[in-house]
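Values below: all heavy atoms of this structure, side chains included; hydrogens, waters and symmetry mates excluded.
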Amino acid sequence: MSGKGDLAKLDVGVLTADQQEKLRQFKIKTRINNEKYLRSHPEMEVLIGDFLRDVLLKRPADIRDFAADHFTNPDLHVLIGSKMEGNME
């Protein structure tokens, strides 16, 4: 696979019926596990929401550098913690 969007071009029709069913079950199980994880970690919603808000407000030219700076901020846990406390009140 050479470029972006190649995954969208995958032909699941080449899978056998059994393989398609296993893939479907895998996708369902993965979604359920992801949902359980996110529900057990409410700070994720705050963390991601805060990042997206900053991206949309600042519209950085280099999103990778911006993300690296954002998520390596040594005070990030304090900021997220205070926002979590603010949401609980």
Side chain to side chain donor-acceptor pair (under 3.5 Å) filter on R39, not counting sequence neighbours, yields E35
L15 and Q20 have their tightest heavy-atom pair at O-NE2, 3.2 Å
By side-chain contact (heavy atoms from CB on, under 4.5 Å), A67 pairs with (sequence neighbours left out) F51, F71
By side-chain contact (heavy atoms from CB on, under 4.5 Å), L79 pairs with (sequence neighbours left out) N73
Applying side-chain contact (heavy atoms from CB on, under 4.5 Å) to D62 and not counting sequence neighbours gives R64, D65
Residues at least two apart in sequence or cross-chain that pass side-chain contact (heavy atoms from CB on, under 4.5 Å) with T30, listed by chain then number, are F26, N34
Distance col, row I80:CD1 vs M44:CE, nearest 0.5 angstrom, shows 10.0 Å
### Query
Do L52 and F66 share a hydrophobic cluster, counting only Ile, Leu, Val, Met, Phe, Trp and Tyr and linking them when any side-chain heavy atoms are less than 4.5 Å apart?
yes
### Query
Mind checking whether Y37 and H41 have parallel, tilted or perpendicular rings, split at 30° and 60°?
tilted
Applying salt bridge (charged side-chain N to carboxylate O under 4.0 Å, His left out) to D50 and not counting sequence neighbours gives R53, K83
Students should find that the hydrophobic cluster of I32, defined by side-chain heavy atoms under 4.5 Å apart, otherwise consists of I28
Across all chains, not counting sequence neighbours, the side chain to side chain donor-acceptor pair (under 3.5 Å) partners of H77 are none
With sequence neighbours left out, the residues meeting side chain to side chain donor-acceptor pair (under 3.5 Å) with Q19 are T16
Salt bridge (charged side-chain N to carboxylate O under 4.0 Å, His left out) filter on E43, not counting sequence neighbours, yields none
